[in-house]
Protein chains: 2
Amino acid sequence: MAKARVPKRPYHHGKLREALLEEAERILNKRGVDGLALREIARRVGVSHAAAYHHFEDRDGLVCALAARGFERLASDLAAGARRADGPAGFDEMGVAYVAFAARRPGMFRLMFGPEAAAGRADPEIRANVDAAFSILLEGARTIVATPGDDRAVRCVALRAWSLVHGLASLLLDDQLSHHGLALRDHERIAREVLAARRLLL
Amino acid sequence: MAKARVPKRPYHHGKLREALLEEAERILNKRGVDGLALREIARRVGVSHAAAYHHFEDRDGLVCALAARGFERLASDLAAGARRADGPAGFDEMGVAYVAFAARRPGMFRLMFGPEAAAGRADPEIRANVDAAFSILLEGARTIVATPGDDRAVRCVALRAWSLVHGLASLLLDDQLSHHGLALRDHERIAREVLAARRLLL
DNA sequence: ACCTGAACACCGTTCAAGT
DNA sequence: ACCTGAACACCGTTCAAGT
């Protein structure tokens, strides 16, 4: 019998970057950004701890790459939300979708807006995804504003709406509301209640 | 000449807990929660790296103690804000004060609501301070609601207002708005603009 | 072009021992 | 009651060397 000559994994992984990001996201969902350790990710993917540095500048580089993916998904979730209803009601649905995104992916949500991804705010890949998400928000704001041509008014409404849902999502995730009988699991009902002030954002 | 017999610092520090917290806050303001290292804090206070464990259960314990101080200051800032104007306008001032607190102490603000202080949400010392801050918010909400006796309505307004200012503060700190011409340094003007929808929170 | 192992300078945490 | 030093098991990051 010939000895096992074929190594289980070839020296070159082939799609290590992808594999690292996927493993990272698994850990992110379970233990949050602070639980993300480059060495552990490499270990679990079955590669040396130094290998990751051929695909990311450093730990923050990987965090930024994750953030880029997050904003991509957020944009698509927001667009899907807007499609659930016509006109102004579609804007409410976007808000509900925003909070739902945070509730479904708390680790990712915190990572996207956290200080470790701050370096990536300038990165063109991330910027493009962030801008895409923001454009969807602007379009939504345009549908509820009295003068859709007034860009300043549209941006003001968008800022209020973003602040409102971002704050609600953050407070829910950070467990600040459960002592007032508002549980994370009821995020959809709570979001609708908070957004009932919609025409009041104007 | 007698040799220096009096040690610079006695074996027992006396108020080590205080000293550690103060040094921690200095670092917190400069480098954020992630920059907080128990060993470095001890080193700078001039004490062994294990000494801190006689005053805090672990690193999260120190973070929670910092959070308790933070909520105390937030409550006093909010109260001071409310005193700046009578009636409903006082509620706006509270919102401005909330955002100003975040802008002045970004590291502290993030720590207070971040995942590392999550363990402390149950701690009675922190709870008392959080509840004190929340009570001030509720009182403010009561002044702008049409039916101050309707507790449900008051809490709903409070939640909207809190979400709005918390979201705005977070987005400003996390540098999500600077690309839209909204700089952290203009936090007061921006907060007033966003809060101009006050009577619309109802 | 991509991956490895050893090395370095940090951490958090524990614990027996000192004052 | 409070503090120390050594020890352990982790990190992130770098770099010469391997394939």
Side-chain angles (χ1 to χ4, degrees), chain A residues 4-24 27-28 30-67 107 111 114-120, chain B residues 4-24 27-28 30-67 107 111 114-120:
Chain A
R5 296 281 311 286
V6 185
K8 292 233 170 151
R9 256 173 291 92
Y11 193 81
H12 286 78
H13 186 286
K15 31 189 183 172
L16 180 52
R17 194 188 139 97
E18 251 324 276
L20 290 169
L21 283 172
E22 262 166 42
E23 187 58 41
I27 296 175
L28 178 62
K30 255 184 288 191
R31 302 204 300 258
V33 211
D34 291 355
L36 240 40
L38 235 40
R39 285 181 102 113
E40 184 190 2
I41 297 165
R43 210 182 303 132
R44 285 163 76 138
V45 169
V47 92
S48 92
H49 62 260
Y53 287 85
H54 293 279
H55 301 276
F56 306 102
E57 196 165 344
D58 52 18
R59 186 182 178 279
D60 281 357
L62 177 131
V63 169
C64 288
L66 286 171
L111 177 147
E116 290 155 292
Chain B
R5 297 282 310 287
V6 185
K8 293 235 169 147
R9 257 171 292 92
Y11 193 81
H12 286 77
H13 186 287
K15 29 188 186 176
L16 181 51
R17 195 188 137 96
E18 251 322 277
L20 290 168
L21 283 172
E22 262 166 41
E23 187 57 44
I27 296 176
L28 177 63
K30 254 185 287 190
R31 304 204 300 257
V33 212
D34 292 355
L36 239 40
L38 234 40
R39 285 181 103 113
E40 185 190 1
I41 296 165
R43 210 183 301 132
R44 285 163 76 138
V45 169
V47 92
S48 93
H49 63 259
Y53 287 85
H54 292 281
H55 300 275
F56 306 102
E57 196 167 343
D58 51 18
R59 185 182 178 279
D60 281 357
L62 178 131
V63 169
C64 288
L66 285 170
L111 177 147
E116 289 156 290

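Order of the sequence lines fixes the chain letters, A, B, ..., with proteins taken first and strands second; residue numbering starts at 1 for each chain. Since the model is a prediction, treat every value here as computed from it, not as a measurement.
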Handout entry: Side-chain heavy atoms of A:Phe56 within contact of A:Leu20, under 4.5 Å
Key = yes

Practice task
Answer yes or no: is there a side-chain heavy-atom contact under 4.5 Å between A:Glu116 and A:Leu36?
Solution key: no

Practice task
Starting from P on D:dC2, measure out to NZ on B:Lys15 and report it in whole angstrom.
Solution key: 15 Å

Practice task
Could you tell me the separation between the CG atom of B:Leu16 and the C1' atom of D:dC2, rounded to a whole number of Å?
Solution key: 9 Å

Exercise for the section: Identify whether any heavy atom of A:Ile41 sits under 4.0 Å from a base atom; if not, whether one sits that close to sugar-phosphate; answer base, sugar-phosphate or nothing. Expected result: nothing

Practice task
Check the pair B:His54, B:Leu16 against side chain to side chain contact (heavy atoms under 4.5 Å, CB included), reporting the backbone distance first and the verdict last.
Solution key: CA-CA 10 Å; B:His54 292 281; B:Leu16 181 51; over 6 Å; no

Practice task
Using atom CG of A:Asp34 as one end and atom P of D:dC10 as the other, report the distance to the nearest whole Å.
Solution key: 18 Å

Practice task
Could you tell me the separation between the CG atom of B:Leu20 and the P atom of D:dC2, rounded to a whole number of Å?
Solution key: 13 Å

Practice task
Rounded to the nearest angstrom, tell me the gap between atom CG in A:Leu36 and atom C1' in C:dC11.
Solution key: 17 Å

Exercise for the section: Can you tell me the distance, in whole Å, between the NE2 atom of A:His55 and the C1' atom of C:dT4? Expected result: 13 Å

Exercise for the section: Kindly express the pairing pattern of DNA chain C in dot-bracket notation, using | wherever a base pairs with another strand and counting only Watson-Crick or G-U pairs under 3.5 Å. Expected result: ||.|||||...|||||.||

Handout entry: Separation of A:Leu28 CG from A:Lys30 NZ (nearest 0.5 Å)
Key = 11.5 Å

Exercise for the section: Figure out the CZ/P separation between B:Arg44 and C:dC11, and round it to whole Å. Expected result: 11 Å

Exercise for the section: Starting at CG of B:Leu111, measure out to CG of B:Asp34 and round the result to the nearest 0.5 Å. Expected result: 10.0 Å

Practice task
Tell me what A:Leu62 touches on the nucleic acid: a base, only sugar-phosphate, or nothing, going by heavy atoms under 4.0 Å.
Solution key: nothing

Completion exercise
Each nucleotide of nucleotides 13-19 of chain C classed B (base within 4.0 Å of a protein heavy atom), S (only sugar-phosphate) or -, in 5' to 3' order, makes BBB--BB

Practice task
Indicate, with a heavy-atom threshold strictly under 4.0 Å, whether A:Arg17 touches base, sugar-phosphate, or nothing.
Solution key: nothing

Handout entry: More than 12 heavy atoms of other groups within 6.0 Å of B:Glu57 CD
Key = no

Handout entry: Over all atoms of both residues, closest heavy-atom pair of B:Leu62 and B:Leu21
Key = O-CD2, 4.3 Å

